[in-house]
Amino acid sequence: MKELILQKLPAECPWRDTLYWYSSIHSTNTQAKELARQGAPHGTVLIAQEQTKGRGRLGRSFHSPEGLGIYLSVILRPNCKADKLMHLTCAAAVAMCNAVEQLCGIRPGVKWINDLVLEGKKLGGILTELSIDPKTGLAEYAIIGIGINCLHKKEDFPEPLQSIATSLFMAGLDTEPELLAAAMITALVQMDRSLLTNQAAIMAQYRRDCITIGKDIAVHRADTVKPGKALDVDRDGALIVAFSDGTVGAVNSGEVSVRGLYNYI
Ligand code: BTN
């Protein structure tokens with residue numbers, strides 16, 4: 001598979017020589033952290049055919065069966081203060097929408113902050129992890145991990161996911177996983193080029209892609225659930241919410257359910 005991905009990547013792709021491929025691994029994000037600690041360079045890409053402990057946001061797992069999805073992580077060393085990277089997950093989400101659109105002709109949406117959504121169901125997700133030097137506040141490295149469901153049929157998902165998850169195949173988009181992997185890497189290279197210089201344009205595109213904006217939502221944090229309406233996303237990726245109690249606030253963390261999506265009524 002590695003050879004096929006390399007064949008599909010443009011010859012000038014700067015990350016071709018730092019591509020690792022695993023037939024099975026616990027988690028490409030966990031492995032990427034290990035490689036980053038050992039000094040792996042900017043643009044190191046890890047792709048697995050299967051993950052046995054795929055991880056999602058908020059400590060969740062990410063279902064990663066063999067050969068059906070693309071499970072990919074990239075190590076970035078952006079050489080800037082960590083607070084300049086608040087929009088990284090949003091930038092990666094826009095890059096993945098670009099990749100799927102370029103390959104399949106359909107642009108997914110994004111459920112704030114990191115879910116790729118197609119036809120109202122979860123197509124994939126993004127898990128961004130940052131290591132910061134506590135003395136300087138500089139980013140030591142960032143890992144962007146992305147899982148996109150490609151060839152799954154409904155029955156390939158475990159029961160609880162069957163009503164909320166989808167794949168490119170289920171949406172009638174027949175594509176080769178290697179082509180998808182190459183499109184994802186190419187879109188990430190492009191994202192990396194403009195990450196620090198083009199935040200306003202990236203976030204403008206994120207707002208267009210974000211299906212949460214304008215919807216009735218519920219914010220789940222610790223043991224509380226606060227209903228409200230999503231108004232906007234700010235330049236750092238925080239969700240601006242008009243809560244039903246009359247307050248307006250910026251949400252940076254926690255789970256946000258969107259009415260009408262993923263069985264939330
Ligand atoms: C989410 O849905 O909350 C994020 C899912 C991120 C999954 C990807 S698959 C490749 C990388 N390795 C992991 O363990 N997680 C990410």
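Order of appearance sets the numbers: ligands from 1, and atoms from 1 within every ligand. Positions are given from 1, in the same order as the sequence printed here. Remember, it's a predicted structure, so these values are computed and weren't measured experimentally.
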Inset, instruction - Just jot down the ligand 1 atoms closer than 4.0 angstrom to any heavy atom of Gly147, in number order. - result: 7 (C), 8 (C), 9 (S)
Inset, instruction - For Ser73, counting its heavy atoms only, list the atoms of ligand 1 lying under 4.0 Å from any of them. - result: 11 (C)
Nearest to [atom], what protein heavy atom do you find, and at what distance?
{"atom": "atom 10 (C) of ligand 1", "value": "Thr28 OG1, 3.2 Å"}
{"atom": "atom 2 (O) of ligand 1", "value": "Lys122 NZ, 2.5 Å"}
{"atom": "atom 6 (C) of ligand 1", "value": "Arg55 O, 3.5 Å"}

Inset, instruction - Using side chain to side chain contact (heavy atoms under 4.5 Å, CB included) as the criterion, list what pairs up with Thr18, not counting sequence neighbours. - result: Trp15, Pro41, Thr44
Inset, instruction - For atom 12 (N) of ligand 1, state which one of Glu129, Gln51, Gln31 supplies the nearest heavy atom. - result: Gln51
Legend entry - Per atom 3 (O) of ligand 1, closest listed option by heavy atom (Lys111, Arg57, Glu255): Arg57
Legend entry - Closest non-hydrogen atom pair, Thr28 against Leu46: O-CD2, 3.9 Å
Inset, instruction - Would you check the N or O atoms of Lys53, main chain and side chain alike, for any that come under 3.5 Å of an N or O of ligand 1? - result: no
Under 3.5 Å, which donor-acceptor pairs link side chains of residues 135-147 to any protein atom two or more places apart or in another chain?
| residue | atom | partner | partner atom | Å |
| --- | --- | --- | --- | --- |
| Thr136 | OG1 | Leu138 | N | 3.1 |
| Glu140 | OE1 | Ser131 | OG | 2.6 |

Legend entry - Donor-acceptor under 3.5 Å (Arg77 side chain, Ala36 main chain): yes
Legend entry - Sub-4.0 Å heavy-atom approach of His26 to ligand 1: no
Legend entry - Heavy-atom gap Arg60 to ligand 1 smaller than 4.0 Å: no
